[in-house]
Amino acid sequence: MDIIQLENITKYYGDFKVLDNISLNIKKGEIISIIGPSGSGKSTLLRSLIQLEKINSGKLIVENTIIFDNNKKIDKKLKKDILLKMGMIFQNFNLFPHKTVLENVCEPLILVNKTDKKEARKTAIDLLKKVQMDGKENNYPDEISGGQKQRVAIARALALNPDIILFDEPTSALDPELVNEVLNVIKNLADGNITMLIVSHQMNFVKEISDRIIFMDKGKVLTIDTPKNIFSSENKRINDFFSIIKK
Ligand SMILES: Nc1ncnc2c1ncn2[C@@H]1O[C@H](COP(=O)(O)OP(=O)(O)OP(=O)(O)O)[C@@H](O)[C@H]1O
Ligand SMILES: [Mg+2]
């Protein structure tokens with residue numbers, strides 16, 4: 001089953017076409033990485049999927065629900081419910097600095113799901129174990145490392161039991177020795193059930209984890225293919241990108 005369907009998605013910033021007629025289908029449980037040069041529209045694509053950015057034209061369907069269809073009216077309640085089934089992880093963690101690790105993970109449960117505090121704490125403690133952050137429940141974000149912050153952000157995204165998680169360069173703000181701990185947590189989430197879209201420059205990780213890789217260039221999907229085919233591609237644009245990444 002296709003969990004995400006994009007048909008001719010186009011987006012402009014002013015006169016600049018940042019997403020250029022993108023069509024693709026993603027199956028439930030697929031792990032998709034998005035790679036490509038800086039400015040090619042990777043972040044904008046993820047942000048548009050979760051509606052942090054306005055799409056100008058095309059059609060976006062998630063879990064059989066129309067999220068955007070040109071200027072047609074859509075069911076706002078259905079759209080809101082589906083958007084809650086999508087989580088996003090950002091480069092800079094976006095934790096609440098004045099809340100503890102535990103409170104950060106409880107927050108969506110209490111505010112969005114209206115879970116009672118005791119139950120929310122229980123769920124949050126379990127989620128923090130899942131990302132190997134038990135023992136740090138009562139620390140504040142500025143008392144933990146970047147890799148730990150990102151793992152808390154992942155636990156917080158998992159709190160609403162998402163069907164889809166979008167990761168936008170989850171490790172690029174981290175010191176090199178902290179990258180793997182976050183990548184390992186992401187790898188452990190891949191259970192065939194949750195669908196993940198991951199923008200990452202960690203090519204070994206991308207190669208290992210992805211079912212398919214999207215290569216973006218100048219707002220277009222240049223190709224979407226298996227890691228094997230992408231990494232042995234003879235396309236000049238793709239090879240130029242790999243040679244820059246390796247430098
Ligand atoms: N809010 C904005 N207003 C105007 N232009 C923007 C805005 N956000 C992004 N852009 C432009 O849109 C293009 C795509 O940006 P985007 O952030 O999606 O690229 P990216 O592929 O994620 O790049 P990177 O690898 O550097 O993160 C860039 O040319 C960028 O300058
Ligand atoms: Mg980006």
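As the structure lists them, so they are numbered: ligands from 1, and atoms in each ligand from 1. All figures in this text were calculated on a predicted structure; none of them were measured in a lab.
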Polar proximity ligand 1 side, G36 side, N/O cut 3.5 Å exclusive: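 No.
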Ligand 1 contacted by E53 (non-hydrogen, < 4.0 Å):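 E53 does not count as a contact of ligand 1 under the 4.0 Å cut-off.
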Short N-O contact, K28 and E63, less than 4.0 angstrom: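 No, no charged N to carboxylate O under 4.0 Å.
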Ring-face cation of K207 near F205 (centre distance under 6.0 Å, axis angle within 45°):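 Pair K207/F205 does not count as cation-pi.
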Charged tip of R151 within 45° of F93 ring normal and under 6.0 Å: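 That pair does not qualify as a cation-pi contact.
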Closest to atom 18 (O) of ligand 1 (judged by heavy-atom distance), picking from V18, T44, L19: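 The residue whose heavy atom sits nearest atom 18 (O) of ligand 1 is T44.
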For atom 28 (C) of ligand 1, the option (of P37, G219, G39) bearing the nearest heavy atom: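 Considering heavy atoms of P37, G219, G39, the nearest to atom 28 (C) of ligand 1 sits in G39.
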If you count the atoms of ligand 1 from 1 in the order shown, which ones are under 4.0 Å from a heavy atom of [X]?
{"X": "E169", "result": "25 (O), 27 (O)"}
{"X": "S40", "result": "19 (O), 21 (O)"}
{"X": "S43", "result": "17 (O), 18 (O), 20 (P), 22 (O), 27 (O)"}

Metal proximity, S43 vs the Mg ion (ligand 2), N/O/S cut-off 2.8 Å: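 For S43, the answer is yes, given that an N, O or S atom comes within less than 2.8 Å of the Mg ion (ligand 2).
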Contact bool for atom 22 (O) of ligand 1 (protein heavy atom, d < 4.0 Å):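 Given the 4.0 Å limit, the answer for atom 22 (O) of ligand 1 is yes, a protein heavy atom qualifies.
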Protein contact for atom 6 (C) of ligand 1 (heavy atom, distance under 4.0 Å):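 Under the 4.0 Å cut-off, atom 6 (C) of ligand 1 does have protein heavy-atom neighbours.
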Flag for T100-N138: side-chain donor and acceptor within less than 3.5 Å: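 T100 and N138 do not have a side-chain donor-acceptor pair below 3.5 Å.
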S172 and Q91: side chain donor to acceptor below 3.5 Å: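 Yes, side-chain donor-acceptor contact under 3.5 Å.
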Side-chain (T10) to main-chain (D20) donor-acceptor, under 3.5 angstrom: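 Judged by distance alone, no pair lies under 3.5 Å.
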